[in-house]
Amino acid sequence: MTEQQVPAAVSDDRPRSADSRLRQRARAVIPGGMYGHQAAGPLPPEYPQFLRSGRGARLWDVDGNEYVDLMCSYGPVVLGHQHPVVEAAAAAQAALGDCQNGPAPVMVELAELLVRTVRHADWAMLAKNGTDATTTCCTIARAQTGRRKILVATGAYHGSAPWCTPRPAGTTEADHVNLGYYTYNDLASAQQAAAEAGEDLAGILVSPFRHDAGYDQELVDPAFARGLRELCDATGAALILDDVRCGFRLHLGSSWEPVGVDPDLSAWSKAIANGRALAAVLGRDAFRDGARNVYVTGSFWFAAVPMAAAVATIGALRDEDAIAGMDRMGTALREGIVAQAQAWDLPVSYTGPPAMPYLTFDGDTDHELASVFAARAMRGGAYLHPRHNWFVSAAMTGTDLALVLEATDQAFAAVRKRLSRLSI
Ligand code: PMP
């Protein structure tokens, strides 16, 4: 039986021994046993830490347990794991070369494709991680304007470098001294922060919608997006869209194209190469000189395989009409989950775009109920997250959806029991 044929059996006592052994070994040689957003901490303890493989919308942990993947590697996997067209393109490039003294021709092909695909883009630069892309956008904005201050929304995540990491350990005040803060969707607060930055305002960094971990998601108010555009036009600052998490999941172009607002610079990563390590900075001609003058690079930034994967990913997103498909599947997921919450008489908020939803239980400020829900859904074969938005991939089928809804129904039952102070 292949992994694809193995049914995702619902059981309360899934094997965990291989994962436990790996965790034990990791604790000896990896600080904390794990770090960053994959640290076991934010996930309920029942979650596996180590995963063995993925195919389509399914993944398997190291003990062979199968899940429908609703986290998609926290965003990179958009077409599904091991998408055949992407894998074939990556393999063809790998047979020629990957990490070389200079980039392969596919770098130009990809830059041309990005410029054709994303409305505001006149040029493209490529890197590895989302943090590379957001940091480079800020560096270019400063290089172009000769100013220092960047405005960010309070609580927004833009990466793990010292200037933007949400944890203060190891950072200094100097790392944040050139940031100003506004409240997402509150134009007056951005205007106020811009006024405080005055002549020193280099840019305003903003995500396509408010997707701060652990909070209900908030779609952008188009008037807020237009107001930021006007503020940047009036001050000469760069409007920087952090499309790292949403890019190519909501629209085949920048996520603000449907809103009608184009940034000057945009940061991309995650979904652009369906799981291969790649990031991009896209920009307008007005910022081309700044982009040319900054020194940004990395030993692996010009690797050709991820670029070939990105060309294939963007092509497949278009050929498969994948964004509309994720929207449809995400809408069906939302309808199913909201109906279940009502049937269990559990007040919830289900927020964000259908393809990137997030569920919270009313009054559950410490995420206790969300953790009960997630852990039970995981045991039922649906891998989702109690504190982070979920991701629907284009590989998800009706069978996957049915399995997820079976698992979430059991998960709501577990929450109801917890609330009734009964054992689960
Ligand atoms: N910006 C946003 C909106 C993100 O969601 C992330 C990653 N979660 C980043 C930037 C940083 O990306 P990376 O982890 O690839 O550095």
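Counting convention: from 1, in listed order, for ligands and their atoms alike. The figures here come from the full heavy-atom set of this structure, side chains too, leaving out hydrogens, waters and symmetry mates.
Interface of Gly130 with ligand 1, defined as ligand atoms under 4.0 Å from a residue heavy atom, comprises 11 (C), 12 (O), 13 (P), 15 (O), 16 (O). Counting atoms of ligand 1 from 1 in the listed order, those under 4.0 Å from a heavy atom of Thr131 are 11 (C), 12 (O), 13 (P), 16 (O). Applying the 4.0 Å criterion to heavy atoms of Gly159 picks out, from ligand 1, the atoms 10 (C), 11 (C).
Counting heavy atoms closer than 4.0 Å to ligand 1, residue Tyr157 contributes atoms from both its backbone and its side chain. Residue Lys270 touches ligand 1 through its side chain alone, judged by heavy-atom distances below 4.0 Å.
Taking only nitrogen or oxygen atoms, main chain and side chain alike, His211 does not reach within less than 3.5 Å of ligand 1. In terms of polar-atom proximity, Asp242 is counted as a contact of ligand 1, with an N or O under 3.5 Å from an N or O of the ligand.
Salt bridge Arg276/Glu87: present, at least one basic N to carboxylate O contact under 4.0 Å. Taking the charged nitrogens against the carboxylate oxygens, Asp264 and Arg229 do have a contact shorter than 4.0 Å, which makes a salt bridge.
Atom CZ of Arg148 has 12 or fewer neighbouring heavy atoms from other residues, nucleotides or ligands inside a 6.0 Å radius. More than 12 non-hydrogen atoms from other residues, nucleotides or ligands lie less than 6.0 angstrom from CZ of Arg119. A 6.0 Å sphere centred on OH of Tyr350 holds more than 12 heavy atoms belonging to other residues, nucleotides or ligands.
With no hydrogens or angles considered, no side-chain donor-acceptor pair links Asn178 and Arg142 at under 3.5 Å.
For atom 9 (C) of ligand 1, the closest heavy atom belonging to the protein is Val244 CG1, 3.7 Å. Shortest contact from atom 5 (O) of ligand 1 to any protein heavy atom: Arg245 NE, 2.8 Å.
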Report the C-alpha distance between His158 and Asp242 in whole Å, list the side-chain angles of each, state the deciding distance to 0.1 Å, and finish with yes or no for side-chain hydrogen bond (donor to acceptor under 3.5 Å, both in side chains).
CA-CA 7 Å; His158 296 296; Asp242 179 352; 2.7 Å; yes
